[in-house]
Amino acid sequence: MNEKVVTTGHRPPPVTGENLCRRHLEEALEAAGFRVERFGRSLSPKLLLTQASRVVLMNRQSVLGTISDGLLMCWFLLLKKRVWFYIHNRSWQRYLRFPLATAARLLSGGRLRMLVLTEPIAQ
């Protein structure tokens with residue numbers, strides 16, 4: 001396949017559920033033939049100008065982190081990239097009720113997928 005995918009999220013350490021899910025996801029993507037480029041939480045020009053066709057955002061739990069992730073999501077959708085937005089289980093219901101999440105999915109034209117971190121994440 002050789003399609004490039006960018007992942008963003010906390011980089012270990014510390015070992016958290018998000019990091020484990022992210023590592024599992026990256027391994028599954030590589031096994032499926034994707035080229036995975038990993039980024040921490042910095043808003044580097046390399047991340048913002050990536051040539052990858054897909055971007056995986058691991059949602060942070062803080063208010064500031066959620067706002068930052070939302071801005072990244074909007075940026076990549078404006079660049080016509082496919083965005084996978086992964087959400088922790090405990091915050092899923094909050095996102096389902098959030099009208100902007102529904103509007104973003106509808107306005108993205110099918111390029112935005114909001115998914116819950118579950119086991120196994122590869123499926």
- Starting at SG of C74, measure out to CG of L107 and round the result to the nearest 0.5 Å. 10.0 Å
- Query: Between atom CZ of F39 and atom OG1 of T7, what is the distance when rounded to the nearest 0.5 Å?
  - Reply: 9.0 Å
- d(L49 CG, L79 CG) to nearest 0.5 Å is 8.0 Å
- Item | M73 and L112, any side-chain heavy atoms less than 4.5 Å apart | yes
- Message: If you count every heavy atom of other residues, nucleotides or ligands that lies below 6.0 Å from R35 atom CZ, does the total exceed 12?
- Response: yes
- Query: Does a sphere of radius 6.0 Å around CH2 in W84 hold more than 12 heavy atoms from other residues, nucleotides or ligands, not counting ones at 6.0 Å or beyond?
  - Reply: yes
- Under the side chain to side chain contact (heavy atoms under 4.5 Å, CB included) test, which residues partner R82, sequence neighbours left out? R54, R111
- Give the C-alpha distance, both sets of side-chain angles, the deciding distance and a yes or no for side chain to side chain contact (heavy atoms under 4.5 Å, CB included) between V56 and V6. CA-CA 6 Å; V56 177; V6 168; over 6 Å; no
- Rounded to the nearest 0.5 Å, how far apart are OG1 of T8 and CG of L57? 4.0 Å
- Item | Distance, nearest 0.5 Å, that separates CZ of F76 from CG of L78 | 11.0 Å
- Message: Looking at every heavy atom in both A52 and K4, which two are closest together, and how far apart are they?
- Response: CB-O, 3.4 Å
- Query: What residues, two or more places apart in sequence or in another chain, satisfy side chain to side chain contact (heavy atoms under 4.5 Å, CB included) together with E30?
  - Reply: V36, R38
- Task: Please round to the nearest 0.5 Å and tell me the distance separating atom CZ of F34 and atom OG of S53.
- Result: 7.5 Å
